[in-house]
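All remarks here apply to the structure that follows.
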Amino acid sequence: MTTSQPPLLALVDCNNFYVSCERLFRPDLTGKPVAVLSNNDGCIVARSQEVKDLGIKMGVPLYQVQPLVKQHQITLFSSNYALYADMSARVMAVLEAFAPRLEIYSIDEAFLDLTGVCRNGHPQDARQTPTAYGQQIKQTVLRATGIPVCVGMGPTKTLAKLANHAAKKWPHTHGVLDLSNPRRREKLMRLVPVKEVWGIGPRTALKLNQLGIHTVWELANQPPQAMQAQFNRVVADIVKELNGNACLALDDIAAGKQQIVCSRSFSRRQTDYPALSQAVAEFASRAAEKLRQQHSTARCITVFVRTNPFNPQEPQYQRAASQKLAHGSQDTRRLIAISHHLLAAIFKTGYGYQKCGVQLSHIGPADSPAQADWLGSADSNLPEDNPALMQTLDTINRRFPKSLSIAATGLDQGWQPKAERRSPGYTTDWQGLVKVRC
DNA sequence: TCTGGGGTCCTAGGACCC
DNA sequence: TCTGGGGTCCTAGGACCC
């Protein structure tokens, strides 16, 4: 029914997302420097504009910038994922009304398919221009959730990303930029260094620079075949996308994860087997929960441990071990039992462990009924999968979070990461509700 | 003293087969 | 001395992303 419309994709990206979430409930921090820390309060993972302006880079260890933190009275927060996940869901719910198809790309960004939604160059077309529509999206999200966003638009994902980058960087765009027009694209591409392109990391950027390719424009004008030969298909596809030829499809049906990892750094070094064994049980429990949430089973389990690689004075040790299962499992008790076997195989005394984790892979659908492991004697003393039991566990924990756990995860959990500056669960916990005094 | 966590895709190379 | 060739599958590691 629609005559072929030129493709138009938008990338909506929240500004300094974690910081914006924290500021929502701390309006006194507006205009002041704010940063959010990684797990264990180790690194800076989100920065307000004021912090970026101080030259503090993404991902730096906190202790390296402590003097600046003190000097400029930067307010720090431990990460509060419950809050960010809830705010993310609210933003995405608002965005869904603006496009027939939407891909949630990460916790703070989404691609929207706006093909046929906006005006198509003809002045008599009654619909809004892409730029006006982008402004409407931006204003609506801000009003409905309090989160500021920028909107980039173009005929491909890579161009929408580039437009978003420019919309964030250049104030005169007012946070919205449409790169449908090739002449406007050229103007921008001539100004932007190649390392800013989505998918061009530091390694590839360096190699491109050595070949004399410095700007996005220079990259866009390379023959894709030559890029395929000197790099790989990814770079060749980026060149095509920069020229308006889509290689990356909008993926609006969220697929299950192919791999589920649960791991943490410890707040202090762990030397004893029992502590590690509790941590591993906890990680296996959480991984199994995620697995059941996406209705999958896993056929391979990996456990890894390591000492602190940043401290060469300590004796170093790191190792991983995997076990494959004859049949997929999603039963917490079974996955814990196997994880413990694996941990026992790689644990060595005499080391201060800094981190460990559990990884589930070879993930498939859970629809086939659990079968007895008639193949292996190795598995025979493990608990059978009990879907009904697991479902009950999940139901109770959804209603009363973290109320039920397997005993092996322990009670003291001295390995738990540090989080000394966590804000309350403003939107997810009754105790965290904001109190208003009149 | 203090350095996150969770993902995806691609490619080269080995194992194996005919 | 001379020791095929091509296909598939799997895995580890690299690179990148947020």
Side-chain angles (χ1 to χ4, degrees), chain A residues 11 13-18 35-47 56-67 69 76-81 84-85 88 103-111 157-158 161 164-165 195-208 227-238 247-249 251 254-269 283 286-287 290-291 294 299-300 302 304 306-314 320 322 324 352 354-363 416-420:
Chain A
L11 176 69
D13 191 323
C14 302
N15 302 350
N16 317 328
F17 182 56
Y18 294 175
V36 176
L37 304 172
S38 65
N39 261 331
N40 238 349
D41 293 348
C43 297
I44 298 211
V45 295
R47 305 156 295 156
I56 293 179
K57 300 270 181 253
M58 170 71 180
V60 289
L62 175 59
Y63 75 92
Q64 286 178 7
V65 291
Q66 271 298 4
V69 169
L76 299 174
F77 289 95
S78 304
S79 34
N80 184 346
Y81 290 109
Y84 312 148
S88 172
E103 172 186 342
I104 296 175
Y105 177 69
S106 75
I107 193 163
D108 73 337
E109 30 179 338
F111 287 101
K157 281 184 162 181
T158 305
K161 266 272 188 190
N164 194 287
H165 169 80
K195 70 171 188 342
E196 305 296 347
V197 174
W198 188 38
I200 303 293
R203 299 282 177 138
T204 310
L206 184 66
K207 205 172 150 191
L208 284 167
M227 291 295 98
Q228 161 106 46
Q230 292 187 69
F231 295 89
N232 51 42
R233 216 194 75 198
V234 177
V235 179
D237 283 355
I238 287 172
C247 299
L248 306 169
D251 196 1
K257 306 278 184 229
Q258 304 172 39
Q259 166 188 309
I260 291 171
V261 180
C262 277
S263 67
R264 290 289 178 280
S265 295
F266 304 131
S267 45
R268 46 180 192 272
R269 303 286 166 271
F283 300 151
R286 292 199 209 170
K290 293 186 195 174
L291 195 59
Q294 65 170 52
R299 274 180 26 249
C300 184
T302 304
F304 68 88
R306 69 153 210 230
T307 52
N308 181 4
F310 294 104
N311 189 348
Q313 272 81 286
E314 287 176 40
S322 301
K324 288 193 178 151
Q354 186 246 357
K355 182 173 182 173
C356 75
V358 172
Q359 176 190 332
L360 305 179
S361 54
H362 293 69
I363 288 173
Q416 284 280 9
K418 194 164 87 174
E420 290 172 346

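Residue numbers begin at 1 in each chain, while the letters A, B, ... track the order of the sequences.
- Among the heavy atoms of the strands, none lies under 4.0 Å from A/D41.
- The outermost nucleotides of DNA chain B lying under 4.0 Å from heavy atoms of chain A, listed 5' to 3', are B/dC2 to B/dT11.
- Taking a pair as Watson-Crick or G-U with both hydrogen-bonding distances under 3.5 Å, the stems of three or more pairs touching DNA chain C are B:5-18 with C:5-18.
- Along DNA chain B, the nucleotide closest to A/R233 and the one closest to A/V45 are compared, and the more 5′ of them pairs with A/V45.
- Nucleic acid contact for A/I107: none, since no nucleic acid atom lies under 4.0 Å from a heavy atom of the residue.
- With contacts defined as side-chain heavy-atom distances shorter than 4.5 Å, the pair A/L62/A/L76 qualifies.
- Under the rule for a side-chain hydrogen bond (donor to acceptor under 3.5 Å, both in side chains), A/S88 has no partner lying at least two apart in sequence or in another chain.
- Counting non-hydrogen atoms under 4.0 angstrom, A/N39 reaches the backbone sugars and phosphates but no base.
- Listed for the A/K195 side chain is no donor-acceptor partner under 3.5 Å among the backbone atoms of A/P202.
- Counting non-hydrogen atoms under 4.0 angstrom, A/V235 reaches nothing in the nucleic acid.
- With sequence neighbours excluded, the residues forming a salt bridge (Lys or Arg N to Asp or Glu O under 4.0 Å) with A/D13 are A/K168, listed by chain and number.
- A/R47 places a side-chain N or O within donor-acceptor distance of the main-chain N or O of A/I56, the cut-off being under 3.5 Å.
- Among the atoms of the strands shown, only primed sugar atoms or phosphate atoms (P, OP1, OP2) are found under 4.0 Å from some heavy atom of A/T204.
- A/R299 pairs by the salt bridge (Lys or Arg N to Asp or Glu O under 4.0 Å) definition with nothing, not counting sequence neighbours.
- Nucleic acid contact class of A/Q66 (heavy atoms, under 4.0 Å, all strands): none.
- Residues A/S267 and A/K418 share a closest heavy-atom pair of CB-N, 3.9 Å.
- Contact of the A/L37 side chain with the A/I44 side chain is registered, since non-hydrogen atoms from C-beta on lie closer than 4.5 Å.
- A/K207 comes within 4.0 angstrom of nothing in the nucleic acid, heavy atoms only.
- Contact annotation for A/P417: no contact, since no heavy-atom pair falls under 4.0 Å across all strands.
- With both ends at atom P, the span from B/dC17 to C/dT3 equals 24 Å, rounded to whole Å.
- When each of A/I260 and A/Q64 is assigned the nucleotide of DNA chain B bearing its nearest heavy atom, the one mapping closer to the 5' terminus is A/Q64.
- Annotation: side-chain contact (heavy atoms from CB on, under 4.5 Å) contacts of A/N308 (sequence neighbours excluded): A/R269, A/F310, A/N311, A/E314, A/Q354.
- Note on A/R269: only backbone sugar-phosphate atoms sit closer than 4.0 angstrom, heavy atoms only; bases stay farther off.
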